[in-house]
Amino acid sequence: MRQKLAAGNWKMNGTSAALAELEALAKAHPNPTSEILICPPATLISRAVDTLAHSPIQIGGQDCHAAQSGAFTGDTSAEMLRDAGANHVILGHSERREAHGERNEDVRDKARTAMATDLVTIICVGESLAQREAANTLDIIAGQLAGSVPDLATGENLVIAYEPIWAIGTGLTPDVAQVGEVHDFIRSLLERRFGAGVGRSVRLLYGGSVKPANAQEIFSVTNVDGALVGGASLAAKDFSPIIDALDAA
Ligand code: PGA
């Protein structure tokens, strides 16, 4: 059985005042059946870890460098995330692929380092609207998976987030058949590459405009093991019902 995962991606949002949201979340979910993860901005990681010292809620980073140290102004290494108390990292988010020119091989190199540093690595894949309209979705996903996921992936160190770019922050979501088609496809590719044991144990998250109102429907889809949530993870009052829906799924 795959452990369900509700992951929040705060992106470039949150200063110290946002720690109160973590306190509220911890209070609302003292014994969740799902794993809960928040990926705050790097500046808040160690304080978030302190805030959640008595909570099962985990903390992750939103990116890391492929190197562990060096002359890379402004970057954060996997080791630094671990040292700050994070145990997960999001890699290859479409915002980084688009705004920072990250290619599949860059994501793969980062993922290798993250996995070797004992960070559970959430690798994001997803098609643009133009790619979906041209019926290229599955080809795009296959290429991103093949190029971004390193060979050392296991069911423990890898999570895949399917995030259609056109659904992120837009309020649009694919219908359940579209979500199911891509998640089943990702599962089959992972099984083919890594064998049934590993392929079946990797968790697959859906991301893109997950809200309290649509969470239950999304979580009813086969091979959806949780969600990567942006906007609706910023406030405990929004993220909490999403966690409840996942716990109940
Ligand atoms: P959203 O973002 O939930 O705000 O659409 C999801 C994501 O980018 O991970």
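Side-chain atoms are counted along with the backbone in the values below, which use heavy atoms only and exclude waters and symmetry mates. This is a predicted model, so every value here is computed, not measured. Each ligand, and each atom within it, is numbered from 1 in the order the structure gives.
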Asker: For salt bridge (charged side-chain N to carboxylate O under 4.0 Å, His left out), just list the numbers for D50 and R47, CA-CA rounded to whole Å, side-chain angles, deciding distance to a tenth of an Å, and then say yes or no.
Answerer: CA-CA 5 Å; D50 289 347; R47 291 174 72 192; over 6 Å; no
Asker: For S148 and N104, does a side-chain donor sit closer than 3.5 Å to a side-chain acceptor?
Answerer: yes
Asker: Run the side chain to side chain contact (heavy atoms under 4.5 Å, CB included) test on E35 and Q58 for me, step by step, so that the C-alpha distance in whole Å, both residues' side-chain angles and the decisive distance to 0.1 Å come before the verdict.
Answerer: CA-CA 8 Å; E35 268 185 57; Q58 307 179 75; 2.8 Å; yes
Asker: Answer yes when D109 and R112 have at least one side-chain N-carboxylate O distance shorter than 4.0 Å, and no when they do not.
Answerer: yes
Asker: With hydrogens left out, which residues have an atom under 4.0 Å from ligand 1, given that only heavy atoms count?
Answerer: N9, K11, H93, E163, A167, I168, G169, G208, S209, L228, V229, G230, G231
Asker: For a quick test of reading the model, state the closest non-hydrogen atom pair linking A167 to Y206 and the distance between them.
Answerer: CB-OH, 3.6 Å
Asker: How long is the gap from OG on S201 to CG on D225, to the nearest 0.5 Å?
Answerer: 10.0 Å
